[in-house]
Every structure is written in structure tokens, then in C-alpha cells.
Protein chains: 2
Amino acid sequence: MTTSQDIKVAVDAVVFGYTSKEGLSVLLIKRDIQPFKNGWALPGGLVGNQESLEDAVQRELKEETGISINYLEQLYSFGKPGRDPRNRVISITYYGLVKPDVFEIHADTDAAEVAWFNIKKIPPLAFDHQSIIIAAHDRLKSKILYQPVGFELLEERFPFSELEKLYMAVLDRDIDRRNFKKKIVKFGFLEETTEKQVLEGAGRPGNLFRFNQEKYFQLQKQGINFEI
Amino acid sequence: MTTSQDIKVAVDAVVFGYTSKEGLSVLLIKRDIQPFKNGWALPGGLVGNQESLEDAVQRELKEETGISINYLEQLYSFGKPGRDPRNRVISITYYGLVKPDVFEIHADTDAAEVAWFNIKKIPPLAFDHQSIIIAAHDRLKSKILYQPVGFELLEERFPFSELEKLYMAVLDRDIDRRNFKKKIVKFGFLEETTEKQVLEGAGRPGNLFRFNQEKYFQLQKQGINFEI
């Protein structure tokens, strides 16, 4: 079997973006080449012979969307025969969660367009990329239950409701807000400041919060156990 | 890059075995071919052109060790250039936890020997297989903290201490036994029977336990949150 194997290896990236205003989104490219020409797809492509998987996914992201993200995590390898109409291609997928505002996306090699799509408004996608996004979203949902999240996504100081919003957007469901706050406070990766929230309407302004970086990164390694 | 890619795709399996007497072990084969001829390694091999990744890992396990295990989970894809001295090979790895007694292992194609090795006594291994085992063990350790485990590994009725032993063997550390029992009882996937343990020495025999299958499989899907 050694000499006759005819399988190609690709990497694909599911880059989730989060903003308080837009919620959860996914970075997609419009394909400039066949198959699925003009169809939307995840950024990705074939791995170079001497390139690590991580370098390959970085390079493809850079080439197709113009952005660099150096903290993607491996998600899963999709290898079903027939998933690519050209030949057998196994895709090793990566995912990450970023703040879209800090990236200037622009289409480049193999991509006619690049855009963020709200997770609820994903267009029909090339290949099995829809299943890949579903798997990545599932992984992200469980990840935020055992690792603190938000440090790179929220402002330096923010009302507690912003963290609730983030969790609800990622989990795509309501949370028990009272219980949520109790647990977050207990974990200790968030600190209440004495600074007050600026409210646009009426109501009593709450204090702003900030991350305790040391505790945050310690818990990121160590893991939390979170039932919301 | 499409036409010139020269990368092979393999699958490798980390099959963990557990017995109350021997603790945690790993199934290894002695390689019958170069490179690392006569070296110990994980069972595995190249993926067939029209074969799913799951079928490939089943086939390799069957061919090299004589056993069939149909509930392996994908672990991670290892793709560092140079991990195989022959050419670039990316290995998509799988892992599982079984009761070794129910399998009759025997070496076959490409394997000179096959044996279970206690996790503390793993010999030097071919390729990067040691890192793969470490990654699989880490995954298993976190898995048993969010999914019930033991149904396929323990007797139908067992003293509670057998479940403690299993957790301690997989986690490779002591556990807070009092807290552990409290949590397990709360999860509800274990039922206390009125049958008594048969003790060989002195002491007051405790009741035997059995799994509540319905609850067990429900929690396996739903997940538990376990701090030990």
C-alpha cells in the first residue's frame, strides 16, 4: 500500500469572531477556483511537503484572508472518501476565537472575497465545510465551560453583562445569570473595580470588571469546571 | 502545490487496557519491518485510498494485533516533518479504553509480537509514539472527568473501591475518596445493591454497586462536571 497511496492532506481553519454587537461569526472566503468556484468556504489548502500543519494553516489564512492568528487549536481530521470531488483529500482542521475588529481582512490567492458571517447566517458551503463549522462550534461550546474565555475579546474594563453576553452568544442559549455570576466570582479570574458603568438610559450603574491576568492564565492551563 | 504534494497519511491506535490487578496498560506491537525493526510501536499503518480513517484504524488493529475495537475516538493528528525517517507521514491517531481480558491478541502482518505494557513500563518506542501515548493519556485523564467510565471495565457488581481504583489508575494519582463517593452518588449512574462484598481478610463487608445503564449512557452523552 505504501507506494500506491494517493491521498492529499489539507488544513482548514474555522476562525470565530466575537463582538458584543454582532455576536458570534465565522470567517469565510469566496472560492476563486474550481471546484465550487464562487462558493463560500473555510480558508485552507494543501500542506507543503516540509511544512508543519500549524505553519500550513497560518500560511493559508494569511494568503486567503490577509490575517495572522497564531493561537489556533487543532479540532479534528475529516477524511471521508468523496468529501472532495477532485481526489481524496483529508483535511486537518483548526479553530480559534478572535476579536474581528483588530484584523484587516482582504481576499488574496485563491479567494475572490473574504467576509465574516454571523453563525446564524452561514451561506451554503463548499465540500463538508458546514459539518466542520458545526464540529468547531460544538468544541468551542464545551471549551468555554472548562477554560476561562474573554480576555482577548472584551474591553479592558467592562460591565459584567458583557461577559454574560459573550457566553450566551457562544453557547447559543440563555444562561442562569445568578448562578453564572456566583461561579465566575468564585473562580477568581475576574475582578470587580470601583469604576462605574456609564449607562445610556435610566437605571443604577454597576461596577466595571477586569480580568485578573495571572489567575486567568493559570486557570486556562489548569481548567475550570463549569455548569451553567 | 497540488501536483507536487508528497505526504503519506497513516493512522495509529492507542488502546488502553484496564484491569483492577494490573492497572492501566497500553497495547504495543514489535515491528517486523524497517525502520525501527524489532522496536516497539503503536499498532497502525497507512490509510487505503478508498478507506475511511475509522476503517483504516480498525483494519490495522485487526491485522497487527488480532483484535477488533469499534469504539475508538480520534485523538489528534501528528504531522511534524521528520517524524518518519522514510518520508513525510502524517499520523491521525485514535484512542480507546478496554478490558484486556476479553481480547485474544496475536501478532500478524508487520508485527513480530504484540503485548500489553503497563503505562509505567513502556519501552522505548519507534517514531514519536511516546508523545502520542502521553497525549492519549492526557486526553483519557480529562475524559473521565466529564464522562462516566467503567461500564465496560468492571464486573457487573463490584465494591465501590473498584471504581476508586479505576479512577486512581487512569488519573495516576490519589483521589479524595470521601468527596469522590459523594459526587458519584449524586451523578446517579451507580446504584448500591443490597448484596454484600465477599472479603478475604477481616473487616466489615460493604454493599456491592452496579451501573444504572440508562443514566450512565445518558450522562455519557450529556457530560458530567467532575472535580476530584
Side-chain angles (χ1 to χ4, degrees), chain A residues 1-11 33-34 45-57 59-60 63 73-84 86-94 109-110 135 138 141-143 145-147 183 186-187 222-228, chain B residues 1-11 33-34 45-57 59-60 63 73-84 86-94 109-110 135 138 141-143 145-147 183 186-187 222-228:
Chain A
M1 195 174 295
T2 310
T3 51
S4 65
Q5 195 190 54
D6 184 23
I7 300 178
K8 305 242 172 268
V9 182
V11 285
I33 52 168
Q34 290 295 356
L46 294 179
V47 177
N49 287 329
Q50 295 306 322
E51 194 179 36
S52 74
L53 302 173
E54 291 73 21
D55 287 348
V57 74
R59 178 184 49 72
E60 287 290 344
E63 283 178 7
E73 280 182 51
Q74 200 185 94
L75 171 67
Y76 198 80
S77 293
F78 292 78
K80 210 170 158 183
R83 56 178 293 283
D84 189 313
R86 289 166 295 187
N87 44 358
R88 179 88 188 268
V89 179
I90 290 173
S91 173
I92 301 170
T93 61
Y94 285 77
T109 328
D110 301 351
D138 283 347
K141 284 179 190 173
S142 40
K143 188 185 156 80
L145 297 182
Y146 65 80
Q147 279 195 335
K183 293 211 170 189
K186 202 171 153 201
F187 288 135
Q222 187 185 316
I224 56 182
N225 267 287
F226 215 155
E227 272 176 90
I228 302 186
Chain B
M1 196 173 294
T2 309
T3 50
S4 66
Q5 196 190 53
D6 184 22
I7 301 178
K8 305 244 172 268
V9 182
V11 284
I33 52 168
Q34 290 295 356
L46 294 179
V47 177
N49 286 331
Q50 295 306 322
E51 194 178 37
S52 74
L53 301 173
E54 291 73 19
D55 287 349
V57 74
R59 177 184 50 72
E60 287 289 344
E63 283 177 7
E73 281 182 50
Q74 199 184 96
L75 171 67
Y76 198 79
S77 293
F78 292 78
K80 210 170 156 182
R83 56 178 294 284
D84 189 312
R86 288 166 296 188
N87 44 358
R88 179 88 188 267
V89 180
I90 290 172
S91 173
I92 301 170
T93 62
Y94 285 77
T109 328
D110 302 349
D138 283 347
K141 285 179 189 171
S142 42
K143 188 185 156 79
L145 297 182
Y146 64 81
Q147 278 195 335
K183 293 210 170 188
K186 202 172 154 201
F187 288 136
Q222 186 187 316
I224 57 182
N225 267 288
F226 214 157
E227 272 175 90
I228 302 185

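In what follows, chains are A, B, ... by sequence order, proteins preceding strands, each numbered from 1. No experiment lies behind these values; they were computed from the predicted model shown.
Heavy-atom distances place the side chain of B:I92, and not its backbone, under 4.5 Å from chain A. B:I90 touches chain A through its side chain: at least one heavy atom from C-beta onward sits under 4.5 Å away, while N, CA, C and O do not. Heavy atoms closer than 4.5 Å to chain B are found in both the backbone and the side chain of A:L53.
Judged purely by atom type and a 3.5 angstrom limit, B:R83 uses its side chain to pair as donor or acceptor with the backbone of B:V89. Between the side chain of A:E51 and the backbone N or O of A:G48, at least one donor-acceptor pair lies under 3.5 Å.
By number of non-hydrogen pairs under 4.5 angstrom with chain A, the leading residue of B:G79, B:S77, B:S52 is B:S77.
Considering only residues two or more places apart in sequence or on other chains, A:K80 meets the salt bridge (charged side-chain N to carboxylate O under 4.0 Å, His left out) condition with none of them. A:K141 pairs by the salt bridge (charged side-chain N to carboxylate O under 4.0 Å, His left out) definition with nothing, not counting sequence neighbours.
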